[in-house]
Amino acid sequence: AVDRDDLPDGGAAIFAATVREIRKAVADCTVELLIPDCNGDRDALKVIFDAKPEILAHNIETVARLYNPVRRQANYQQSLDVIGYAHEAGLISKSGMMLGIGERDDEIVKAMEDLRAYDCDVLTLGQYLQPTKKHLPVDRFVTPEQFDRFKEIGLELGFKHVESGPLVRSSYHAERAASSENVL
């Protein structure tokens, strides 16, 4: 989802209406939403949560130290709070990070620990690719073996499901996570 900071509710009503329309069309469909932070507005987030998507995703994208250069209009703590609010609302919570943007391995593990502290259930880790010359450059290419190690660490930390690899994006194999016996 794109940020809808142009709307007073951050787009919450649109997300909730989308869930309701999906339910009308396919009642037994599993719904996963990838949402912006709605500026941390708990009332706006509640509108989304009350629509009851099975999985609520909000990506932190990167580690705390790099948050400002990577997500200029976002806030690391606020993103963690969104994950925590989703858990409080009884939803499966999901987040993702891009690796290779300048973070250190210990910072990746710390971000994973932070997400678990806010009861994040599902994690995706993928390779950062510079979308335009205006964005930060790729700092390193993370090896498949490193991605495998981060998956192991994530599972040890208690994530119910981890997708970790160079091609992984936030919706990568979403059906695998949703159908995992640990998730739903």
Practice task
Decide whether Val82 and Leu91 are clustered together by the hydrophobic rule: side chain heavy atoms of Ile, Leu, Val, Met, Phe, Trp, Tyr closer than 4.5 Å, transitively.
Solution key: yes
Exercise for the section: State the CG-CD1 distance between Asp139 and Ile101, to the nearest 0.5 angstrom. Expected result: 9.0 Å
Practice task
Verify side chain to side chain contact (heavy atoms under 4.5 Å, CB included) between Ile35 and Leu45, making sure each step is shown before the conclusion.
Solution key: CA-CA 9 Å; Ile35 65 165; Leu45 292 165; 3.8 Å; yes
Exercise for the section: Please confirm whether the backbone N or O of Asp43 pairs with a side-chain atom of Asp41, one donor and one acceptor, at under 3.5 Å? Expected result: yes
Practice task
Give a yes or no on whether Val168 and Leu155 share a hydrophobic cluster (residues Ile, Leu, Val, Met, Phe, Trp, Tyr; joining criterion: side-chain heavy atoms under 4.5 Å apart).
Solution key: no
Practice task
Verify, without hydrogens or angle tests, whether Ser95 (side chain) and Ile60 (backbone) share a donor-acceptor contact under 3.5 angstrom.
Solution key: yes
Practice task
Report the distance from atom CG of Asp81 to atom CZ of Arg42, rounding to the nearest 0.5 Å.
Solution key: 8.0 Å
Completion exercise
Heavy-atom nearest pair, Ala57 first then Glu32, reads CB-OE2, 4.2 Å
Practice task
Kindly work out whether a path of hydrophobic side-chain contacts (I/L/V/M/F/W/Y, heavy atoms less than 4.5 Å apart) joins Leu115 to Leu34.
Solution key: no
Problem - Main-chain N/O of Val138 paired to Gln130 side chain as donor or acceptor, under 3.5 Å - result: no
Handout entry: Side chain proximity check, Tyr76 to Val63, heavy atoms < 4.5 angstrom
Key = no
Practice task
Measure from the side-chain N and O atoms of Glu163 to the backbone N and O of His161, and report whether any donor-acceptor pair falls under 3.5 Å.
Solution key: no
Exercise for the section: Would you check if Asp105 and Phe150 make a side-chain contact, meaning some heavy-atom pair closer than 4.5 Å? Expected result: yes
Exercise for the section: Output the distance between atom CD1 (Ile92) and atom CD (Glu54), rounded to the nearest 0.5 Å. Expected result: 9.5 Å
Problem - Reference residue Tyr118; test side-chain hydrogen bond (donor to acceptor under 3.5 Å, both in side chains); the match among Gln77, Glu88, His87 - result: Gln77
Exercise for the section: Let me know which of Val142, Leu99, Ile153 forms a side-chain contact (heavy atoms from CB on, under 4.5 Å) with Leu125. Expected result: Leu99
Exercise for the section: Could you tell me whether Lys46 atom NZ has more than 12 heavy atoms of other residues or ligands within 6.0 Å of it? Expected result: no
Handout entry: Joint hydrophobic cluster, Met112 plus Val122, side-chain heavy atoms closer than 4.5 Å
Key = no
Handout entry: Within one Ile-Leu-Val-Met-Phe-Trp-Tyr cluster: Val109 and Ile83, side-chain cutoff 4.5 Å
Key = yes
Exercise for the section: To the nearest 0.5 angstrom, please state how far the CG atom of Asp148 sits from the OG1 atom of Thr143. Expected result: 8.0 Å
Practice task
Kindly indicate whether the side chain of Lys52, heavy atoms from C-beta on, has any atom under 4.5 Å from the side chain of Val19.
Solution key: no
Exercise for the section: Please name the pair of heavy atoms, one in Arg140 and one in Gln146, separated by the smallest distance, quoted to 0.1 Å. Expected result: NH1-NE2, 3.6 Å
Problem - Distance-minimising heavy-atom pair for Pro53 and Leu56 - result: CG-CD2, 4.3 Å
Practice task
Evaluate the criterion side chain to side chain contact (heavy atoms under 4.5 Å, CB included) for residue pair Leu123 and Leu157; output intermediate values, then yes/no.
Solution key: CA-CA 11 Å; Leu123 177 65; Leu157 288 172; over 6 Å; no
Problem - Side-chain donor or acceptor of Tyr128 paired with backbone N/O of Leu136 under 3.5 Å - result: yes
Exercise for the section: Look at the side chain of Arg71 and the backbone N and O of Thr62, then say whether any donor-acceptor pair between them is shorter than 3.5 Å. Expected result: no
Handout entry: Under 3.5 Å: donor-acceptor pair, side chain of Ser164, backbone of Phe147
Key = yes
Problem - Value rounded to 0.5 Å, distance of CG in Asp37 from CD in Gln78 - result: 4.5 Å
Practice task
Without swapping roles, check the side chain of Gln127 against the backbone of Gly165 for a donor-acceptor pair under 3.5 Å.
Solution key: no
Practice task
Measure the spacing between OG of Ser170 and CE of Met98 and express it to the nearest 0.5 Å.
Solution key: 10.5 Å
Exercise for the section: Answer yes or no: is there a donor N or O on one side and an acceptor on the other, between the side chain of Arg104 and the main chain of Ile108, under 3.5 Å? Expected result: no
Practice task
Go through the steps to decide whether Arg149 and Glu152 satisfy the test side chain to side chain contact (heavy atoms under 4.5 Å, CB included), and finish with yes or no.
Solution key: CA-CA 5 Å; Arg149 181 64 187 130; Glu152 289 174 21; 3.0 Å; yes
Practice task
State whether the side chain of Asp121 and the backbone N or O of Ser93 hold a donor-acceptor pair below 3.5 Å, judged by distance alone.
Solution key: yes
Practice task
Take Ile48 and Cys38 through the test side chain to side chain contact (heavy atoms under 4.5 Å, CB included) and record every step on the way to the result.
Solution key: CA-CA 10 Å; Ile48 297 170; Cys38 296; 3.9 Å; yes
Problem - Sidechain N-carboxylate O distance under 4.0 Å for Lys110, Glu107 - result: no
